[in-house]
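What follows is a set of notes on a single structure, which appears directly below.
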Number of protein chains: 2
Amino acid sequence: MSATYRDIKADILGKITRGEWKPGSLIPSELELAEVYGAARATVNRAMRELAEEGIIERKRKSGSRVRLSPLRQARFDIPVIRHQIEEQGRAYRYALVRSEVIEAPDWLCARLSLPGGARVRHLTCLHFADGTPWLHEDRWINLTLLPRAEAADFSAMGPTEWLVTQIPFSAVEISISATAADATLAAHLDCAVGEPLLMTERLTHWDGQTVTYVRLVHRPGHRMTTRY
Amino acid sequence: MSATYRDIKADILGKITRGEWKPGSLIPSELELAEVYGAARATVNRAMRELAEEGIIERKRKSGSRVRLSPLRQARFDIPVIRHQIEEQGRAYRYALVRSEVIEAPDWLCARLSLPGGARVRHLTCLHFADGTPWLHEDRWINLTLLPRAEAADFSAMGPTEWLVTQIPFSAVEISISATAADATLAAHLDCAVGEPLLMTERLTHWDGQTVTYVRLVHRPGHRMTTRY
DNA sequence: GAGTGGTCTAGACCACGCC
DNA sequence: GCGTGGTCTAGACCACTCG
């Protein structure tokens with residue numbers, strides 16, 4: 001009798017995946033579908049809206065809704081808390097602080113963070129292990145002008161990522177993924193050969209228009225980021 | 001007077017980013033917020049639902065909604081159509097078919113695609129250029145058992161990706177990102193040194209429970225995937 | 001049991017975008 | 001203009017879950 005928005009969404013998605021409604025073709029209007037399914041228009045609207053958000057259909061006022069030609073626009077990757085990611089695999093997590101210093105930001109960092117020359121930053125190098133083998137190398141820079149508390153904080157037991165989420169309420173983030181070659185330091189820390197290709201994630205965290213912290217995470221050799229949709 | 005769900009969402013997000021509502025703390029119920037904002041509960045519900053989808057808050061029946069402790073769960077990356085990605089930069093797109101063959105799937109491919117031994121596949125190697133410089137190397141395998149039309153298709157002018165979207169209505173996809181080292185072939189095609197670290201995207205496309213196609217996209221040296229949220 | 005979110009309805013008005 | 005999606009409302013019932 002009463003179709004839920006999930007039923008309707010699944011049914012429409014079925015018609016698309018089975019090829020009954022082909023890419024580029026027009027889908028009946030919300031009013032028509034509401035009648036077909038015996039539901040309110042708001043219910044049909046929610047089903048269609050979610051399909052649009054997922055990149056399966058395109059909607060335009062007056063012209064109606066169409067099945068998208070290229071079936072997708074975006075992929076979502078989970079950003080795990082490192083400790084959880086490792087523990088979910090049933091492996092033991094261990095954290096180690098390798099190096100900690102307070103310095104004047106080098107030029108490349110000033111450029112990256114839009115900092116004035118001579119700004120002081122805390123620079124940390126940390127390692128994350130899974131069952132004793134290196135999992136992730138973390139190079140973290142914290143802007144002390146914006147977060148002076150970071151100068152005195154103790155990162156020997158708690159990693160900077162975990163500490164930072166307790167300090168910064170919420171923030172705009174820019175994430176970048178690329179490939180890099182292991183230099184001597186990375187090779188030693190990640191237990192791999194110099195020159196080995198490694199997956200690198202960089203994150204810039206903004207707050208109130210300024211950059212609070214920059215982190216460069218280099219994953220163990222062979223690491224993959226995977227997602228389904 | 002009348003607050004839209006966008007207004008409400010922005011206002012709540014503001015309270016969270018400004019630290020008025022701290023991570024872990026309880027947010028007023030929908031009913032209370034509806035009164036505060038002078039809106040219907042459905043309107044508040046939509047604002048809160050979207051904040052939950054974006055990983056900003058957590059909701060549970062009876063216990064209510066809380067600001068998440070770790071402010072995020074996922075990042076979205078746009079999956080561009082290569083041609084568009086290049087043309088949006090104001091650069092000229094060019095496609096080239098490097099190699100095409102129909103073969104029995106090698107063992108590693110059978111394993112990856114859950115194919116029976118001896119299954120025939122079409123294997124294509126293509127290059128995508130931006131302003132004449134190599135942008136992306138594409139290694140594509142198409143399961144001919146599921147898509148026999150692919151055997152006769154001509155990929156000299158149209159890339160397999162563009163052709164496939166016209167053939168497969170919609171599909172489940174698995175995406176994987178990793179770092180790889182350039183071998184001699186890749187180095188020649190992408191005009192870089194052997195051993196250079198390169199970002200690789202792999203995609204498995206399923207249809208009706210079976211794998212239709214597998215593609216390995218290797219990006220030009222220094223390529224970054226970037227997103228904000 | 002009772003509070004909270006999850007969803008549906010019927011109706012309404014608005015905004016965009018073709019014609 | 002007018003059709004389509006975008007959103008809001010007021011009210012309702014249900015489902016989960018905590019005490």
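Below, chain A is the first sequence line, B the second, and so on; all start at residue 1. What you are looking at is a predicted structure, and each value in this text was computed from that prediction instead of being measured.
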Practice task
Is it possible for you to check whether Arg94(B) lies under 6.0 Å from the centre of the six-membered ring of Phe129(B), through NZ or CZ, and within 45° of that ring's axis?
Solution key: yes

Completion exercise
Atom CZ of Arg61(B) and atom P of dG5(C) are separated, to the nearest Å, by 11 Å

Problem - Atom-to-atom span, CZ of Arg66(B) to C1' of dG3(C) - whole angstrom - result: 14 Å

Practice task
List in chain and number order the residues that pass side-chain contact (heavy atoms from CB on, under 4.5 Å) with Ala92(A), two or more places apart in sequence or in another chain; answer none if no residue qualifies.
Solution key: Asp131(A)

Completion exercise
Contacts of Arg203(B) meeting side-chain hydrogen bond (donor to acceptor under 3.5 Å, both in side chains) (sequence neighbours excluded), chain-then-number -> none

Handout entry: side-chain contact (heavy atoms from CB on, under 4.5 Å) involving Glu58(B) - partner list, sequence neighbours excluded
Key = Arg68(B)

Handout entry: First and last nucleotide of DNA chain D, 5' to 3', lying under 4.0 Å from heavy atoms of chain B
Key = dT7(D) to dC18(D)

Exercise for the section: Select from Lys62(A) and Ala40(A) the residue whose nearest nucleotide in DNA chain C is closer to the 5' end of that strand. Expected result: Ala40(A)

Practice task
With sequence neighbours excluded, give me every salt bridge (charged side-chain N to carboxylate O under 4.0 Å, His left out) pair touching residues 214-229 of chain B.
Solution key: Glu174(A)-Arg228(B), Glu202(A)-Arg224(B)

Handout entry: Residues which pass side-chain contact (heavy atoms from CB on, under 4.5 Å) with Ser114(A), listed by chain and number, not counting sequence neighbours
Key = none

Exercise for the section: Take atom CD of Glu58(B) and atom P of dT4(C), then tell me their distance rounded to the nearest Å. Expected result: 18 Å

Exercise for the section: Report the distance from atom CG of Leu31(B) to atom P of dT4(C), rounded to the nearest whole Å. Expected result: 8 Å

Problem - Residue whose nearest DNA chain D nucleotide is more 5′ - Ser63(B) or Arg41(B) - result: Arg41(B)

